[in-house]
Number of protein chains: 2
Amino acid sequence: MPRKKTEPKLEANRRAELLRAAARLFVEKGFAATTTRDIAEAVGMRSGSPFYHFRSKQELLKAAMIEGLDAGNAQLAAAIEGIADPEQRLRVLVRTHLGTLLEGDCRSPLLVSETRALDDKARTEIAAAFDRYQVPWQETLEALAKSGKLASAAPPVRLLVFGMLNWSSHWYRTDGALTVDALADAAVSMLLNTAPRGADS
Amino acid sequence: MPRKKTEPKLEANRRAELLRAAARLFVEKGFAATTTRDIAEAVGMRSGSPFYHFRSKQELLKAAMIEGLDAGNAQLAAAIEGIADPEQRLRVLVRTHLGTLLEGDCRSPLLVSETRALDDKARTEIAAAFDRYQVPWQETLEALAKSGKLASAAPPVRLLVFGMLNWSSHWYRTDGALTVDALADAAVSMLLNTAPRGADS
DNA sequence: CCTACCGATCGGTAGG
DNA sequence: CCTACCGATCGGTAGG
């Protein structure tokens with residue numbers, strides 16, 4: 001019995017390829033400046049073909065964001081698994097998050113600003129994915145506040161922390177002198193207001 | 001002697017109006033998603049008329065960014081004039097900057113991400129305007145580090161601070177419970193790792 | 001600064 | 001998933 005012409009597994013792969021290409025291009029050029037033709041070309045398709053997998057360009061953004069955030073969330077969970085000390089947990093969260101932002105190829109958390117192109121329903125679903133992503137952060141910040149290493153873990157603190165980290169995508173250069181490790185260290189030091197680790201070696 | 005039909009002063013006003021409208025729309029909808037027709041309509045012009053004042057849409061973004069940043073810079077200078085204590089200076093810088101971002105109608109610092117639509121020459125000029133804007137910040141951070149209130153004033157610290165503040169434009173709601181004053185306070189407290197001011201009243 | 005317009009591009013679709 | 005295509009929109013310009 002010969003193989004069927006279209007294997008279901010391949011179709012799922014094509015979908016995932018489209019999502020990765022879309023996420024990367026949306027981050028690089030922005031949602032509005034990225035054409036569906038750009039995305040098609042990035043995965044070797046013709047201009048109309050992405051619409052076989054996704055109903056619209058918006059749908060592509062929505063799926064890229066939600067699936068990217070949940071994947072990042074799984075990475076966070078795996079990274080802090082078994083780490084009890086809150087300061088160490090924070091270090092790992094920060095380093096993992098910066099890795100996703102600066103070294104990954106999906107970088108979904110950076111697409112928040114592009115959700116303005118979506119309707120309310122999509123934005124609500126994306127907000128829920130963001131909420132899930134923030135859970136381990138809030139827990140860690142509260143533990144640090146309880147142990148006195150952080151002055152406050154009130155709601156704006158978490159958001160300020162994300163800002164501090166996410167904004168680095170606007171200025172960080174992979175080819176510069178500052179490594180991602182050193183940046184993670186600088187961020188944690190700023191938060192806890194302690195000397196950066198490199199300072200005493 | 002009757003008035004001339006076109007007064008030179010009015011023409012400069014129209015240019016300024018276009019810049020303000022462009023900056024606001026670019027922040028709200030993004031550069032690519034904002035049409036020159038949107039901008040024209042916002043100031044009561046017809047679709048082709050903005051091109052009487054600016055050569056291209058890119059030119060409009062460039063001018064909005066540079067003039068906006070320099071105006072913001074002048075505001076910062078005026079606000080910290082005569083304040084000697086570095087902690088107080090930081091408080092004023094943060095509050096003034098957040099005012100520009102969240103309460104102003106130009107909000108130019110938020111347009112960094114849109115400069116990807118410009119050519120290298122324009123980006124270089126905008127980078128210079130950003131450098132000017134950052135001078136008072138770096139001086140203040142260094143003074144704080146010298147007095148021991150801040151663990152480090154190394155270059156990434158300033159950038160992390162800007163990230164912390166600028167990112168708030170993605171989540172801050174003018175109609176929420178958190179005032180800009182309280183947000184400024186939370187940010188300064190996080191930086192110095194001291195209890196927020198509201199905590200002891 | 002307006003009128004009238006152009007060429008190019010874009011998201012999306014029909015039909016296979 | 002491709003071919004062929006459409007309607008709409010957009011940045012920009014000529015001429016006044």
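The sequence lines fix the lettering, A, B, ..., with proteins before strands; numbering per chain opens at 1.
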Using side chain to side chain contact (heavy atoms under 4.5 Å, CB included), reason through A:Arg116 and A:Phe31 one step at a time and then give a plain yes or no.
CA-CA 10 Å; A:Arg116 60 188 160 200; A:Phe31 177 75; over 6 Å; no
Would B:Leu18 and B:Tyr52 count as a side chain to side chain contact (heavy atoms under 4.5 Å, CB included) here? Give the steps.
CA-CA 11 Å; B:Leu18 277 171; B:Tyr52 170 75; over 6 Å; no
Closer than 4.0 angstrom, basic N to acidic O: yes or no for B:Glu87 and B:Arg91?
yes
Centres of the A:Phe162 and A:Trp137 rings: under 6.0 Å?
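Between A:Trp137 and A:Phe162, which both carry aromatic rings, the centre distance is below 6.0 Å.
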When Watson-Crick pairs (N1 to N3 and N6-O4 or O6-N4) and G-U wobble pairs (N1-O2 and O6-N3) count only below 3.5 Å on both distances, what is the dot-bracket string of DNA chain C, with | for other-strand pairs?
||||||||||||||||
Residues two or more places apart in sequence or in another chain: which of them pass ring-ring contact (aromatic ring centres under 6.0 Å, His included) with A:Phe130?
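Partners of A:Phe130 under the ring-ring contact (aromatic ring centres under 6.0 Å, His included) test: none.
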Could you pick out which residue, B:Met45 or A:Ala32, lies toward the 5' side of DNA chain C when each is mapped onto its nearest nucleotide?
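Its nucleotide being nearer the 5' end, the pick is B:Met45.
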Sorted by first residue and then second, give each side chain to side chain donor-acceptor pair (under 3.5 Å) pair with at least one member in residues 20-30 of chain B; sequence neighbours left out.
B:Arg20-B:Asp105, B:Lys29-B:Asp38
Within residues 48-60 of chain A, residues whose heavy atoms come under 4.0 Å of DNA chain C
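Contacting residues: A:Gly48, A:Phe51, A:Ser56, A:Lys57, A:Gln58.
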Going 5' to 3' on DNA chain D, which nucleotide is the first and which the last to come under 4.0 Å of a heavy atom in chain B?
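First-to-last contact on DNA chain D, by the 4.0 Å heavy-atom rule, is D:dC10 to D:dT13.
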Test item: B:Leu102 and B:Leu183 side chains (from C-beta on) under 4.5 Å apart, heavy atoms:
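Result yes, sub-4.5 Å side-chain heavy-atom pair found.
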A:His53 side chain near A:Met45 side chain, heavy-atom distance below 4.5 Å:
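Counting from C-beta outward, A:His53 and A:Met45 do come under 4.5 Å.
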What salt bridge (Lys or Arg N to Asp or Glu O under 4.0 Å) pairs are there with at least one residue in residues 132-146 of chain B, not counting sequence neighbours?
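Listed by first then second residue: B:Asp70-B:Arg132.
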Taking side-chain contact (heavy atoms from CB on, under 4.5 Å) as the criterion, tell me which of A:Asn166, A:Val161, A:Leu159 meets it with B:Trp167.
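That would be A:Asn166; it is the only one of A:Asn166, A:Val161, A:Leu159 passing the side-chain contact (heavy atoms from CB on, under 4.5 Å) with B:Trp167.
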